[in-house]
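In what follows, a structure is listed as structure tokens, so that the remarks can point back to it.
Computed from heavy atoms alone, side chains included, the values below leave out hydrogens, waters and symmetry copies. In each ligand, atom 1 is the first atom listed, and ligand 1 is the first ligand listed. Model, not experiment: these values are computed from the prediction.
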Amino acid sequence: MEQTLAIVKPDGVARGLIGQVLARIEEKKLTIKAMKLIHMTQAQAEGFYAVHKERPFFGSLTDFMSSGPALVMILAGDHAIAHWREMMGATNYKEAAEGTIRSDYATDIEKNVVHGSDAPETAAFETGYFFNAFERV
Ligand code: GDP
């Protein structure tokens with residue numbers, strides 16, 4: 001069983017989309033192994049997105065990610081990383097496939113409702129960034 005880190009980003013939480021996202025996760029049979037609501041500091045968001053620190057949008061992205069509560073989760077399942085990214089849709093909601101979360105709900109390339117790890121190494125880093133062993137079932 002593969003694991004991945006999923007986030008309902010601050011825009012998704014503020015817009016009342018947690019229920020919609022969780023319903024899709026349960027419908028598609030991904031298993032929730034850990035879950036909590038957090039409000040990141042900017043420094044915590046910078047640590048999470050360190051891989052993007054040279055990108056022009058890094059400041060804006062970390063402002064946004066620390067702007068309010070976010071729901072962080074560990075999801076498990078066969079090919080959970082690819083499965084969850086397929087459910088999210090492309091980074092740019094305008095290019096996201098029909099029926100994906102970003103296509104249905106995102107309003108902006110940055111405020112795109114959800115996050116998902118993109119590879120096994122990033123999933124290991126990202127799940128460990130938010131959860132210790134006692135917070136996982
Ligand atoms: P993801 O794996 O699909 O989330 O995409 P990336 O890892 O490429 O980017 C991380 C996050 O940065 C995205 O989910 C967006 O919130 C944000 N982002 C990506 N590209 C842009 C951009 O061109 N402009 C802005 N403002 N934000 C971006």
Side-chain angles (χ1 to χ4, degrees):
M1 279 290 201
E2 193 172 65
Q3 298 202 345
T4 191
L5 194 277
I7 305 180
V8 181
K9 295 183 179 183
D11 61 326
V13 174
R15 291 170 57 209
L17 296 174
I18 288 176
Q20 301 283 352
V21 173
L22 292 183
R24 289 177 185 224
I25 288 168
E26 293 187 328
E27 182 190 343
K28 296 293 184 185
K29 309 286 185 221
L30 283 165
T31 304
I32 299 169
K33 304 293 283 185
M35 175 159 68
K36 63 185 171 188
L37 200 60
I38 59 165
H39 188 157
M40 278 185 264
T41 63
Q42 185 141 22
Q44 287 166 338
E46 286 169 0
F48 177 68
Y49 274 125
V51 64
H52 290 314
K53 64 176 182 295
E54 307 302 338
R55 302 273 201 104
F57 56 82
F58 184 65
S60 171
L61 174 61
T62 56
D63 270 350
F64 162 54
M65 290 300 288
S66 57
S67 67
L71 186 77
V72 290
M73 291 173 274
I74 299 176
L75 305 180
D78 286 339
H79 306 291
I81 294 171
H83 187 182
W84 173 238
R85 286 192 68 88
E86 192 182 311
M87 289 168 63
M88 294 194 318
T91 310
N92 184 346
Y93 72 102
K94 292 179 182 167
E95 291 161 12
E98 209 174 306
T100 59
I101 294 168
R102 285 167 167 172
S103 167
D104 287 347
Y105 300 118
T107 54
D108 185 277
I109 191 166
E110 183 173 275
K111 295 174 181 60
N112 56 7
V113 185
V114 282
H115 167 84
S117 310
D118 63 2
E121 306 73 45
T122 45
F125 166 73
E126 292 179 356
T127 56
Y129 194 76
F130 292 114
F131 295 100
N132 66 41
F134 301 104
E135 297 173 304
R136 305 167 183 227
V137 296

So, T127 versus Q3: side-chain donor-acceptor pair below 3.5 Å or not? no
Under 3.5 Å, is there a donor on one side chain and an acceptor on the other for S103 and E98? no
Using the rule given for side chain to side chain contact (heavy atoms under 4.5 Å, CB included), can you reason through R24 versus M87, listing the C-alpha separation, both sets of side-chain angles and the distance that settles it, and then say yes or no? CA-CA 8 Å; R24 289 177 185 224; M87 289 168 63; 4.0 Å; yes
Could you check whether K53 pairs with E46 (Lys NZ or Arg NE/NH1/NH2 to Asp/Glu carboxylate O, under 4.0 Å)? no
Distance-only N or O hit between ligand 1 and [X], under 3.5 Å:
| X | answer |
| --- | --- |
| R102 | yes |
| K9 | yes |
| T91 | yes |
| H52 | yes |

Quick one: look at D118 and ligand 1, take heavy-atom pairs under 4.0 Å, and tell me if it's side chain, backbone, both or neither. neither
Have a look at ligand 1 and work out which part of R85, if any, has a heavy atom under 4.0 Å from it: side chain, backbone, both or neither. side chain
Relative to the ring of F48, is the ring of Y129 parallel (under 30°), tilted (30 to 60°) or perpendicular (over 60°)? tilted
Under 4.0 Å to a heavy atom of N112 - the qualifying atoms of ligand 1, by number: 13 (C), 14 (O), 15 (C), 16 (O)
Looking only at protein heavy atoms, which one is nearest to [atom], and how far off is it?
| atom | result |
| --- | --- |
| atom 15 (C) of ligand 1 | I109 O, 3.4 Å |
| atom 19 (C) of ligand 1 | F57 CZ, 3.6 Å |
| atom 26 (N) of ligand 1 | E110 OE1, 3.1 Å |

With side-chain contact (heavy atoms from CB on, under 4.5 Å) as the test, pick out the partner of I32 among I74, L22, V137. L22
Which is it for N92 and N112 under the side chain to side chain contact (heavy atoms under 4.5 Å, CB included) test, yes or no, and what are the steps along the way? CA-CA 8 Å; N92 184 346; N112 56 7; over 6 Å; no
